[in-house]
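Computed from a prediction, not measured in an experiment: that's the story for all the values here. Chain identifiers are assigned alphabetically (A, B, ...) following the order of the sequence lines, protein sequences preceding nucleic acid strands; residue numbering begins at 1 within each chain.
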Amino acid sequence: MFARISAVVGYLPAGSLANSDLAALYPDWSEDKILRKTGIRERHIAKADETAADMATQAANRLFATGNTQREAIDFLIFCTQAPDYFLPTSACMIQHRLGLKTTCGAVDINLGCSGYVYGLALAKGLIESGSASRVLLLTADTYSKFIHPLDKSVRTLFGDGATATVVEGVQADRAQIGPFVFGTDGGGAENLIVRTGGLRHPRTAESARERADSSGNVRTDDNLFMDGPAIMTFTLATVPKAVAQLMAAAGTTLEETDLVILHQANAYMLEALRKKMNIPREKFIVHLENIGNTVSSTIPFALEGELSPEREGRGRRKAMLVGFGVGYSWAGTYVTI
Amino acid sequence: MEAFYVGLAEILEIEASKVSSELNLTELAWDSLAVISTIALVDDQFSVMLDGKALAQCQRVADIEALIAKEKAR
């Protein structure tokens, strides 16, 4: 029995934030410059009362509406988010109830950002191939828009809200359909991508809500998302090519034998820097962020959804490399057959 | 240096002919996005990784070139 991805469905909230909206706020950045630099035209934004768990529920309901997966068949739920509804209970427990999944279903949250989908796949594979579960629903959702100061162009131009639902199930096959995996963690980078307050370490206070402008003219408070863009670029360029080399060695394969490369869709300048550094041919390299932005743990499954479209049915299976990296720092890579 | 100057010109959104060691960055859009893009450019051209904070403090192109030379000598 091997674990395999059998379906991926995304959900985007109705609200949108276009480059023209942003250019009106940031005098130094034209609409055209934002598109050229970030590769993003539009981001979707959750409503004030719409949470990550709401969006994940929507994505899952859409997946069930396709008729290819039955609710009763799900025996494990994994929800990846950094924006839970409550400290407790676990969002996945509430989602189990809202989706009407059976009560013999296991449910856990995992708190990871851009690496989260690949970690979720690793957990799902472990559950299935150890015989502990037969059909895992892996949900990803985040609402970074709720953390972002409207006048912080360093992050507001990049991040969009969104959710995805993936079914991982056990199938009879002659070889693994997911894996091998490589993982990595460097908590030394924690400060470089962070929402500092709101947890138990630093409660929100009047002082933490004080607005400050940085040297690039971006405004934020300690309650907002902070990203040290240069530090993240350095981390990424140093780490991702090594992780990719490790992954190909572990899989006993090469870039030539890889059909698709799907990296976390951070932004166009980072993707292009990585593509050049690793000499990945453009035709294998998926760029899927123009109309959704960087949706954190949902970027890889949104890109996969596009590759699993019905038009591709019957065109043969392909080997796709998936690599997530970011907040933590945390990273992970794997191969999936789709 | 040629390809480096062309890359810098793209990042700063000016003509490549205007880039020289003496070019004053403080009068241009030398913001965090420019710094991020320059980290990638320098890694691509010279295979060294510059520190973002040091790079952000550069006032002229010569200062970037000095950082590259220092990293290469390490």
Indicate yes or no: at least one non-hydrogen side-chain atom of B:Asp51 is less than 4.5 angstrom from one of A:Thr234.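 Answer no - side chains too far apart.
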Tell me, do B:Ile11 and A:Tyr269 make a side-chain contact under 4.5 Å, heavy atoms counted?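 Counting from C-beta outward, B:Ile11 and A:Tyr269 never come under 4.5 Å.
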Rounded to the nearest 0.5 Å, what separation is found between the [atom1] atom of [X] and the [atom2] atom of [Y]?
X        : Y       : atom1 : atom2 : result
B:Asp31  : A:Asp28 : CG    : CG    : 7.5 Å
A:Thr236 : B:Asp43 : OG1   : CG    : 11.0 Å
A:Lys153 : B:Leu33 : NZ    : CG    : 9.0 Å

Who pairs with A:Thr254 by side-chain contact (heavy atoms from CB on, under 4.5 Å), at least two apart in sequence or on another chain?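 So A:Thr254 forms a side-chain contact (heavy atoms from CB on, under 4.5 Å) with A:Glu256, A:Glu257.
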On a heavy-atom basis, which atom in A:Lys33 and which in B:Ala29 lie closest, and how many Å separate them?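 Taking every non-hydrogen atom into account, NZ-CB, 4.3 Å.
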Do you know which two heavy atoms are closest between B:Gly52 and A:Pro230, and how far apart they sit?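 Smallest heavy-atom distance, with atoms named: CA-CB, 3.7 Å.
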Neighbourhood of chain B inside residues 276-286 of chain A, taking heavy atoms under 4.5 Å as contact: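 Contacts with chain B: A:Lys276, A:Lys277.
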Using the salt bridge (charged side-chain N to carboxylate O under 4.0 Å, His left out) criterion, which residues pair with B:Lys53? Sequence neighbours excluded.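 A:Asp228.
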Mind checking which of residues 19-26 of chain B sit less than 4.5 Å from chain A, heavy atom to heavy atom?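 The list, in residue order, is empty: none.
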Step by step, would you call B:Glu10 with A:Arg36 a salt bridge (Lys or Arg N to Asp or Glu O under 4.0 Å)? CA-CA 11 Å; B:Glu10 266 176 47; A:Arg36 260 186 299 119; over 6 Å; no
Check the surroundings of atom CZ in A:Arg201: do more than 12 heavy atoms from other residues, nucleotides or ligands lie under 6.0 Å from it?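 Not buried by this count: 12 neighbours or fewer within 6.0 Å.
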Please determine whether the number of non-hydrogen atoms from other residues, nucleotides or ligands lying under 6.0 Å from atom CZ of A:Arg41 exceeds 12.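 No - once you tally the heavy atoms of other residues, nucleotides and ligands closer than 6.0 Å, there are 12 at most.
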Ignoring hydrogens and geometry, is there a side-chain-to-backbone donor-acceptor pair from A:Ser216 to B:Ser32 under 3.5 Å?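 Confirmed, A:Ser216 side chain pairs with B:Ser32 backbone.
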Please classify the contact of B:Leu50 with chain A as side chain, backbone, both or neither, using a heavy-atom distance under 4.5 Å.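 Contact with chain A: backbone only.
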Please classify the contact of B:Gln57 with chain A as side chain, backbone, both or neither, using a heavy-atom distance under 4.5 Å.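 Contact with chain A is absent: no heavy atom of B:Gln57 under 4.5 Å.
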